[in-house]
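Report on the following structure.
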2 protein chains.
Amino acid sequence: MLKSRANIKDVARRAGVHPSTVSRVLNPATRSMVSEALAKKILRIAEELGYRRNPLASGLRTRRTYTVGVVIPDITNPVFPPIVRAVEHALDEKGYIAILADSGSKRRSEKALIENMKARQVDGLILAAANRKDHLVDSCIDEGIPVVLVNRSVEQHSVSAVINDDELGIDLAFQHLIDLGHREIAYIGGPQRASTGYTRYRAFLRSAKQAGVNIDRELVINAREFTESAGQAAFQEIARTGKNLSAVLTANDLLALGVFDALDDLDMKCPRDISVTGFNDMPYVDRFVPPLTTVHISLEELGVQAARLLLEKIENPDAPSKQLRLEPRLIVRGSTATLNAAQAKSGNRVA
Amino acid sequence: MLKSRANIKDVARRAGVHPSTVSRVLNPATRSMVSEALAKKILRIAEELGYRRNPLASGLRTRRTYTVGVVIPDITNPVFPPIVRAVEHALDEKGYIAILADSGSKRRSEKALIENMKARQVDGLILAAANRKDHLVDSCIDEGIPVVLVNRSVEQHSVSAVINDDELGIDLAFQHLIDLGHREIAYIGGPQRASTGYTRYRAFLRSAKQAGVNIDRELVINAREFTESAGQAAFQEIARTGKNLSAVLTANDLLALGVFDALDDLDMKCPRDISVTGFNDMPYVDRFVPPLTTVHISLEELGVQAARLLLEKIENPDAPSKQLRLEPRLIVRGSTATLNAAQAKSGNRVA
DNA sequence: ATGAAAGCGCTAACAG
DNA sequence: CTGTTAGCGCTTTCAT
């Protein structure tokens, strides 16, 4: 095995100059300090020797590693890959690289993960798994390390984030159900510790109130997780009440999928017996049986903007934090239908 | 903003010892060199000061960064997230962290990505995007950097890899179609530059031969990419031949999805008019219309084993490379059905 | 068992 | 414009 790689000293020796001169040439910001002829020569030699800068060494010196940590709750949830990809590409364009960590939704390991990333001197963090009150986020802010939240935000206002207009999203879905004639509407939300879970829940209540629709509180459940099985369990619980309902609005596509499962178990058909809406428009929900009516958000945009905000923050740590709120839109597919005569007349008990 | 973090010198000063002593204590391998009492004291002080080792600095010295590069073609392809997650968790257990890069299937950037990772002194590489002949892989091997391939392998035999038994997988799918009575079977494969594309194609031909089934070569197409749109285009091309067929075996679930799309366009129904099989059993294919009959492979196992192999290789670079071949199994769902009378009698021209 | 000294590869302040 | 010097934080001989 040959000597691993040419370093700055090798280049300097070969060019008959001091290492620092080479360093200056190799760094675009300081290149102009060196005479053009010499710079060219050094560049050529560096090229010949296959020189690559060692970011560990330069990072040790400059405290800039061109590395950012990306923490997501579960890469296996189809919402996240497009976000991750967009983040990564945006970072790549600026010479940054992403350390990815899937926290597995476990709080404990998340702390360790972030610690690890900080130890590795990441220049900033993109967090997709933040809680509404999050001391992990707080501690990052306190330490002055640039942080951007995606998808979820925190209550504390001074942290950069790019999120969706959840109120609007829920309202769109709700109005759609109303327009189809539904009045007995159930809601399955997500964990209240997440801003998304909380905001969507509040938004649902508000939409109902504004529309003058009375919501039976027994038909409103906030699941503990944004997962299919949690959605399934929630709908089963709703079914057990024996109450009438003709539609269920969910705060997340996976929850909606869970409702599909529960409907299957109960031998009910969507949308014939129950209309269902989701949230996120995650990949492939258009292919499900039935195709899911849902609130579309631009996952790519979420990722791109998060990366952009973070890079800004890294360049200029003292600039004020920014919150971006992306506008969602409703995508109507096959899982919602007009309230039919049978449902309206006889009531539609789910038990 | 306070001084960022205690370093070894701070701990040493506080403990009234030399930094090297602290270093010895903090490193499990050298801890025994220090008297137990002193070690305990130093540990306590380190704890108090919130000391974290700076992996950049130690990596610079030891040439071990506890970082591995993971390159995948497209994180947005549902096959990869479970692999990535498994890799990442397995690495995490041993204190390693993953740098993730999505090569976007673009060869050019892939080279740059790997260069970047090498420059960052990764301890090893997990590659899911290798070509059958891959000078990128070759060059890594030449440089002596530990590499493990997942899912795809290369022709050169001396590189560690964990892949699937593609021959078996294809044969399972083929036999299934035969058992259902199909004889006019089309094949849509993947790019031949990928080992998966190549092996599955050869396997299809072999299975047909062994079964004594004559395959019309016009019904055999290898798509340029493992994508939905490539699958759609391929089936359209097959349809244009006007030949009879009752089933299509695809080398990948996304290709199968594309066939679904094409069937839609042609107003044909799966499985009524055409049976379709996929490969990979990627997440959610059980929910499609119709649920896809496909060859299941354990994505998690692929990831776990790849990480294990890489770690082994990092610990012991001179150990011989290992190839692991995981056994797939067939999952029969709704996209395949027995050849029906109508198809058998009249022929089933797709045009 | 502990300390001293050197150096991983790079950059930045200071000279000249 | 270029060279000198020092040091980022850590580990690892080599002494003692």
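These numbers come from a predicted model, not from an experiment. Each chain gets a letter, A, B and so on, in the order its sequence line appears, and its residues count up from 1.
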Counterpart residues, side-chain hydrogen bond (donor to acceptor under 3.5 Å, both in side chains), relative to Ser58(A) (two or more places apart)
none
In residues 34-50 of chain A, what residues come within less than 4.0 Å of DNA chain C, judged by heavy atoms?
none
Any side-chain N or O of Asn54(B) less than 4.0 Å from the OP1 or OP2 oxygen of dG9(D)?
no
Any pair counted as side chain to side chain donor-acceptor pair (under 3.5 Å), so long as it reaches residues 75-88 of chain A, sequence neighbours left out:
Arg85(A)-Asp74(B)
Between dT11(D) atom P and Asn7(B) atom CG, what is the distance in whole Å?
11 Å
Member of Ile42(B), Ile45(B), Thr30(B) meeting the side chain to side chain contact (heavy atoms under 4.5 Å, CB included) criterion with Val25(B):
Ile42(B)
Dot-bracket encoding of pairs in DNA chain D, which uses [ ] for pseudoknotted crossings and | for another strand, Watson-Crick or G-U under 3.5 angstrom:
||||||||||||||||
With sequence neighbours excluded, what pairs up with Tyr96(A) under the ring-ring contact (aromatic ring centres under 6.0 Å, His included) test?
Tyr66(A)
Using the test salt bridge (charged side-chain N to carboxylate O under 4.0 Å, His left out), find all partners of Arg14(B) that sit at least two apart in sequence or belong to another chain.
Glu48(B)
Starting at atom CG of Leu60(B), determine the distance to atom P of dA6(C), rounded to an integer number of angstrom.
18 Å
Give the rounded distance in Å between these two atoms: CZ of Arg52(B) and C1' of dC10(D).
16 Å
Whole Å only: how far is the CZ atom of Arg64(B) from the P atom of dT12(D)?
11 Å
Is the shortest side-chain N/O distance from Arg5(A) to OP1 or OP2 of dG9(C) below 4.0 Å?
no
Phosphate OP1/OP2 of dT2(D) contacted by Thr21(A) side-chain N/O (<4.0 Å)
no
Please enumerate all residues that pass salt bridge (charged side-chain N to carboxylate O under 4.0 Å, His left out) together with Arg120(B), with sequence neighbours excluded.
none
For Arg61(A), check salt bridge (charged side-chain N to carboxylate O under 4.0 Å, His left out) against everything at least two apart and list the hits.
none
To the nearest angstrom, the CG-C1' distance between Asp10(B) and dG9(D) comes to 10 Å
Indicate for each nucleotide in nucleotides 11-16 of chain C, in 5' to 3' sequence, whether protein heavy atoms under 4.0 Å reach the base (B), only the sugar-phosphate (S), or nothing (-).
BBB---
What is the distance from NZ of Lys9(A) to P of dT4(D), rounded to the nearest Å?
14 Å
So the ring pair (Phe, Tyr, Trp, His ring centres under 6.0 Å) pairs with at least one residue in residues 299-322 of chain A (sequence neighbours excluded) are none
Side chains of Gln156(A) and Ser158(A) only: does a donor on one sit below 3.5 Å from an acceptor on the other?
yes
Between Gln121(A) (CD) and dC10(D) (C1'), how many Å, whole number?
12 Å
In whole angstrom, what separates Leu56(B)'s CG from dC10(C)'s P?
13 Å
Which residues share a salt bridge (charged side-chain N to carboxylate O under 4.0 Å, His left out) with Arg53(A), sequence neighbours left out
none
Got a sec, which pairs hit salt bridge (charged side-chain N to carboxylate O under 4.0 Å, His left out) with one end in residues 303-319 of chain A, sequence neighbours left out?
Arg64(A)-Glu315(A), Arg308(A)-Glu312(A), Glu312(A)-Lys322(A)
